[in-house]
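These notes are about the structure you will find just below.
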Amino acid sequence: MNADLVYVVAGGSLLLAVVLPELLDRWAVSAPMVLVGVGMLIGLTPLPDGLPLDPVANRAVIEHVTELTVLIALMGVGLAIDRPLRLLEKDSRRAWAPTWRLLLLAMPLCIAGVALLGWAVGLAPAAALLLGGALSPTDPVLASDVQVAGPQTGDHEVDETDELRFAITSEAGLNDGLAFPFVYAAILLSTGAVSDWAVEWVAWYLVGKIVLGVLVGIAVGWALAHLAFRSASPALRVAERGESLLAVAALVASYGVTEVVGGYGFLGVFTCALTFRSAERGHDYHLAMHNVVERLERLFTLMVLLVLGMAMTRGLFDHLDWRSVLIALALIFVIRPVSGLVSLSLRAPDPSKEGALTRPERAAAAFFGVRGVGSLYYLAYASGHTEGLAEPWLWSTVSFTVLASVLVHGVLATPVMRRLNAEPSPAAS
């Protein structure tokens with residue numbers, strides 16, 4: 001691609017990123033849909049000639065770009081959630097009940113459903129499990145249309161007012177890290193030594209690394225919040241100056257420290273953001289930090305979606321077959337909705353109570369399990385650890401699933417959310 005044309009395409013795409021959210025606000029068309037479409041159109045032209053778009057050959061680049069995109073999104077989601085999480089308080093844990101249900105029931109059911117379907121259509125056990133793990137997390141990057149808008153600030157009591165958006169947002173923030181144990185299980189299974197790693201996987205990958213990620217995130221978030229709001233030195237109280245780039249420092253520090261000690265960095269970043277948000281909850285500084293992260297997220301998402309769209313019309317779908325289509329559509333229309341609905345409906349609390357969803361809201365939360373950038377990251381990560389999982393078919397299948405999710409959820413998000421917002425709440429009736 002000619003260097004001058006790169007600037008032309010990048011400039012036009014950045015303009016789209018700026019104007020699309022407002023232009024598409026009233027239409028059943030999402031910005032990700034348009035950006036992927038633009039990328040596909042660019043891919044049909046000679047412009048991308050010479051651009052490295054092969055996911056197998058350029059796995060490392062894809063891994064790091066998607067990793068950073070997800071990290072930025074996780075920091076933004078953590079700062080955006082207004083509802084406090086106090087694990088030692090029963091009422092606080094109850095207010096997060098939909099989140100726990102989606103994480104502990106719906107997510108494993110989705111992994112099992114996709115893995116079993118993959119195994120049934122001929123995949124090796126390790127590849128089937130990787131597909132289930134990679135497609136299990138809902139995406140904090142592409143689900144902005146059904147997530148909370150951003151942090152509320154001021155003197156009033158800060159909490160979430162939209163239970164549906166809160167459930168979808170908090171689930172997306174946590175399950176990106178919780179997918180890692182299953183991706184590691186696929187990597188370990190590909191070695192064939194099942195009996196040697198089963199105990200290690202449960203003790204370390206399923207429990208130890210999760211605990212470390214949460215604890216390190218809390219510690220870094222608390223330390224940075226103390227520095228920003230309560231430091232004895234005025235020069236270090238950056239919240240008073242509104243220096244919002246601390247959000248980037250928090251992201252990098254929490255991820256780096258968590259990975260160094262062996263925990264899951266995704267969990268570290270999200271819990272760091274939640275912990276920081278819990279300090280001085282009504283302070284305008286949270287909004288300033290979130291605005292910086294939101295703009296970074298939009299920029300990186302733009303780049304990923306454009307390149308993904310170009311790759312789709314430049315050979316990424318060469319290995320797509322009926323099995324890929326079956327798995328993608330089954331996940332979007334059957335496996336995720338059924339898993340989510342079962343997890344949210346079992347002994348469901350009274351909708352009038354805090355943290356409870358109405359029946360239509362449970363159906364919407366079950367359906368809007370958007371798949372996206374996180375799935376691409378996990379596939380790139382796993383394929384870099386063992387050659388047996390570096391299959392072009394897996395790239396075609398995961399990419400098609402992301403495309404289908406962008407289209408289906410993007411079309412339905414605006415009308416469904418508008419319809420639900422128009423319905424009176426149980427408390428008001």
Side-chain angles (χ1 to χ4, degrees), residues 28 30 32-33 98-125 127-139 142-143 145-146 164 167-168 171-172 175-176 178-179 182-183 186 317 320-348 357-376 378-379 393-417 419-420:
S30 67
M33 290 170 59
T99 309
W100 311 137
R101 288 167 172 263
L102 289 169
L103 293 174
L104 300 179
L105 292 176
M107 186 175 178
L109 287 174
C110 279
I111 294 172
V114 173
L116 288 174
L117 182 57
W119 181 62
V121 298
L123 293 185
L129 182 55
L130 172 60
L131 194 61
L135 291 175
S136 65
T138 55
D139 201 84
L142 302 183
D145 290 336
V146 290
L164 172 58
I168 295 174
E171 178 199 12
N175 66 11
D176 264 295
L178 296 179
F182 302 97
V183 173
F317 286 164
L320 196 69
D321 59 19
W322 65 270
R323 299 178 301 167
S324 307
V325 176
L326 174 64
I327 290 172
L329 298 184
L331 173 62
I332 293 171
F333 291 106
V334 180
I335 297 175
R336 162 64 191 202
V338 172
S339 300
L341 202 55
V342 167
S343 68
L344 293 171
S345 299
L346 286 175
R347 301 179 63 183
L357 299 170
T358 65
R359 184 174 298 177
E361 287 174 338
R362 291 199 296 268
F367 180 75
F368 283 110
V370 183
R371 266 57 189 178
V373 178
S375 297
L376 299 173
Y378 280 119
L379 182 55
W393 181 88
L394 286 173
W395 281 103
S396 294
T397 302
V398 170
S399 299
F400 178 78
T401 306
V402 172
L403 174 63
S405 179
V406 166
L407 293 176
V408 172
H409 295 125
V411 167
L412 295 176
T414 298
V416 169
M417 299 304 288
R419 174 70 178 271
L420 289 174

Classify the angle between the aromatic ring planes of F368 and H409 as parallel (below 30°), tilted (30 to 60°) or perpendicular (above 60°).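 F368 vs H409 ring planes: tilted.
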Heavy-atom closest pair, residues [X] and [Y]:
X: F317; Y: S399; value: CE2-CB, 3.9 Å
X: L420; Y: P360; value: CD2-CB, 3.6 Å
X: L109; Y: S339; value: CB-OG, 3.4 Å
X: V398; Y: S375; value: CG1-CB, 3.9 Å
X: L164; Y: L357; value: N-CD2, 3.7 Å

Checking [X] side chain against [Y] main chain: does a donor-acceptor pair fall under 3.5 Å?
X: R371; Y: S136; answer: yes
X: D139; Y: V370; answer: no
X: S343; Y: G340; answer: yes
X: T397; Y: S324; answer: no
X: R101; Y: A106; answer: no

Is there a donor in the side chain of T138 and an acceptor in the side chain of N175, or the other way round, less than 3.5 Å apart?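 Side chains of T138 and N175: pair found under 3.5 Å.
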[atom1]-[atom2] distance between [X] and [Y], expressed to the nearest 0.5 angstrom:
X: T401; Y: L331; atom1: OG1; atom2: CG; answer: 6.5 Å
X: I335; Y: L135; atom1: CD1; atom2: CG; answer: 9.5 Å
X: I332; Y: I327; atom1: CD1; atom2: CD1; answer: 12.0 Å

Are [X] and [Y] side-chain neighbours, meaning at least one heavy-atom pair lies under 4.5 Å?
X: F333; Y: V408; value: yes
X: P98; Y: L344; value: yes
X: L102; Y: M107; value: no
X: W393; Y: D321; value: yes
X: W322; Y: V121; value: yes
X: L129; Y: I111; value: yes
X: M33; Y: V411; value: yes

If you count every heavy atom of other residues, nucleotides or ligands that lies below 6.0 Å from W100 atom CH2, does the total exceed 12?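 Yes, CH2 of W100 has more than 12 neighbouring heavy atoms, counting only those of other groups under 6.0 Å.
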Salt bridge or not between E361 and R419? Use side-chain N to carboxylate O under 4.0 Å.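 The answer is no: the pair does not qualify as a salt bridge.
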